[in-house]
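Protein chains get the first letters and strands the later ones, always in sequence-line order, with residue 1 at the start of each.
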Amino acid sequence: MENQALLERFQNYVDAENKIEAKDWMPDGYRKTLVRQIAQHAHSEVVGMLPEGNWISRAPSLRRKAILISKVQDEAGHGLYLYSACETLGVERDALIEELLSGKAKYSSIFNYPTVSWADIGAIGWLVDGAAIVNQVSLQRTSYGPYSRAMVRICKEESFHQRQGYEIMIALAKNGNEAQKRMAQEAFNRWWWPSLMMFGPSDSASAHSGQNMAWKIKRHSNDELRQKFVDMTVPQAEYLGLTIPDKDLKWNESTGHYDFGEIDWTEFNEVVKGNGPCNKQRLQTRNKAHEEGAWVREAAMAYARKQEERQAVSAA
Amino acid sequence: MSNSNWPLWEIFIRSKNGLAHKHAGSLHAADAKMAIENARDVYTRRMEGVSIWVVRSSDIVASSPADKDFLYEPANDKVYRHPTFYEIPPEVGHM
Ligand SMILES: [Fe+2]
Ligand SMILES: [Fe+2]
């Protein structure tokens, strides 16, 4: 049993919008939730490099290629910021990586979908990074200091990601020829629903959300964030001349929001369980990269040790 | 945990001359040189810094949160250390 007085003091401190720092006392459940959530977030940034990496060598121009490399490099950085934030809670980086590689840890399901055409790269930047931004802007105010600071840093870098994606979509959907327009619409059809799923189960089905909101780990509910994303994105799709693949989508005068159709939660659960189109491939690729990099990690460490020994000898 | 696990480094960055180095985050690297190179790649990709310090995390000695009272108490009961403790007549003007 955790001390009731400590729990109360913690809750009051959080209620007053104070940030918790690594060495402060925190409830076990708070620490566990954070480790799981931040690690999942970090894994998502890392695995998220794969669908886009697929198009680096085939980007349609040198400009697009340089931009895409830069974006993917940012995602690697985001993974690092988040792993670092997670490590402040007392977990080792190696243990986190191990959980990803063994398939034990989860990452955002969106990255288990394939990128079959160049338009998918536009759709990902616009929709997937767009949805991630909505979530991450909210998390900037999370109660755990290191997580919050990582989010602030990430948000500063994200906005270029979405804009470069939208620019690709403009080139194809607005200024492109018929074939390019079709390609853009098809990509949009592929990514629209999975993007809405990125916000997670609906509030009525989400198990831990009450406690996480009380601890201010989460600041807005899944459904609130999803609605925000839909409201922002529909006019952007209209500008591009794209049709939203949802017959139930319509403006609701009385709520001031867009109504939209039911999400296919069966598909969502299947992908979470590992049965999405690319789950196996993503993990295989990560494992291969990790194994093939093992000798580099060992050699660098051996070199560092040797340098240290040499210095010790010459100092003696 | 393998022995080839790279140690953790804390990264401090001076964003421009005239400002102090500020903690930016941490990363793993085999040695100090690699820590600086990696810090440049991850923390200064958009001209966020003109100088980088790297310190092994294990070399940092931190106060413990339990010492908070001991750190703040002297400030709390010595209010005369603050300028607002003193009353200066309005006729005297800004001081
Ligand atoms: Fe990211
Ligand atoms: Fe991004």
Side-chain angles (χ1 to χ4, degrees), chain A residues 9-10 13 20-26 45 69-71 73-88 90-98 145-147 149-150 152-154 156-157 159-160 290 293-308 310-311, chain B residues 1-16 19-49 52-73 76:
Chain A
R9 210 171 72 173
F10 179 84
Y13 193 70
I20 305 298
E21 293 295 341
K23 293 201 162 182
D24 293 338
W25 184 87
M26 60 186 85
E45 301 285 352
I69 290 174
S70 214
K71 193 223 180 238
Q73 192 188 9
D74 273 358
E75 306 300 2
H78 296 175
L80 175 90
Y81 308 154
L82 286 158
Y83 282 129
S84 297
C86 202
E87 285 174 276
T88 63
V91 275
E92 293 265 345
R93 175 84 58 96
D94 270 15
L96 295 171
I97 303 284
E98 186 45 46
Y147 192 24
R149 290 192 287 277
V152 170
R153 227 193 137 75
I154 286 176
K156 270 191 202 141
E157 300 186 351
S159 125
F160 124 69
H290 193 74
W295 73 270
V296 181
R297 293 191 295 279
E298 278 159 29
M301 207 55 233
Y303 176 78
R305 283 205 193 99
K306 202 180 245 175
Q307 292 296 105
E308 240 169 51
R310 276 205 192 131
Q311 267 178 6
Chain B
M1 233 50 16
S2 63
N3 265 338
S4 64
N5 208 3
W6 291 351
L8 190 64
W9 300 77
E10 299 301 323
I11 312 302
F12 298 83
I13 291 174
R14 184 202 298 285
S15 56
K16 60 178 192 182
L19 296 177
H21 285 76
K22 195 176 153 210
H23 187 237
S26 58
L27 51 78
H28 289 268
D31 56 26
K33 186 165 167 272
M34 187 195 276
I36 287 192
E37 284 164 0
N38 289 358
R40 191 191 301 147
D41 281 349
V42 282
Y43 290 110
T44 66
R45 280 203 303 287
R46 291 178 176 82
M47 295 185 296
E48 292 102 328
I52 300 173
W53 287 351
V54 299
V55 182
R56 265 182 199 259
S57 306
S58 58
D59 286 342
I60 289 186
V61 182
S63 65
S64 102
D67 295 341
K68 248 185 201 160
D69 291 347
F70 144 81
L71 287 170
Y72 298 123
E73 202 118 295
N76 283 335

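In terms of non-hydrogen atom pairs under 4.5 Å with chain B, the most contact-rich of A:Glu157, A:Glu98, A:His78 is A:Glu157. Per-residue counts of heavy-atom pairs under 4.5 Å with chain A were compared for B:Ser57, B:Ala24, B:Ala30; the largest is that of B:Ala30. The choice from A:Gln307, A:Arg149, A:Glu87 that makes the most heavy-atom pairs within less than 4.5 Å of chain B is A:Glu87.
Contact record, B:Ser63 with A:Lys23: O-CD, 4.3 Å, taken as the closest heavy-atom pair. In plain terms, the two heavy atoms of B:Tyr43 and A:Leu80 that are nearest each other are OH-CD2, 3.9 Å. Minimum heavy-atom separation, B:Met34 to A:Ala300: CE-CB, 3.7 Å. A pairwise comparison of heavy atoms in A:Met301 and B:Asn5 identifies SD-O, 4.2 Å as the closest pair. Of all the heavy atoms in A:Gln73 and B:Asp41, the pair that sits closest is NE2-O, 4.5 Å. Nearest heavy-atom pair, B:Asp31 versus A:Ala304, reported as atom, atom and distance to 0.1 Å: CB-CB, 3.9 Å.
A donor-acceptor distance shorter than 3.5 angstrom exists from the side chain of A:Ser84 to the backbone of B:Ser26, with no hydrogens or angles considered.
For chain B, the nearby part of A:Tyr303 is the side chain; its heavy atoms alone come within less than 4.5 Å.
Remark: A:Thr88 engages A:Ala22, A:Tyr144, A:Pro146 in a side chain to side chain contact (heavy atoms under 4.5 Å, CB included) (not counting sequence neighbours).
Within a 6.0 Å sphere centred on CZ of B:Arg45, other residues, nucleotides and ligands contribute more than 12 heavy atoms.
Looking at B:Glu48 and A:Lys156, no side-chain N of the basic residue comes within less than 4.0 Å of a carboxylate O on the acidic one, giving no salt bridge.
From A:Asp74, atom CG reaches atom CZ of B:Arg46 across 4.0 Å, with rounding to the nearest 0.5 Å.
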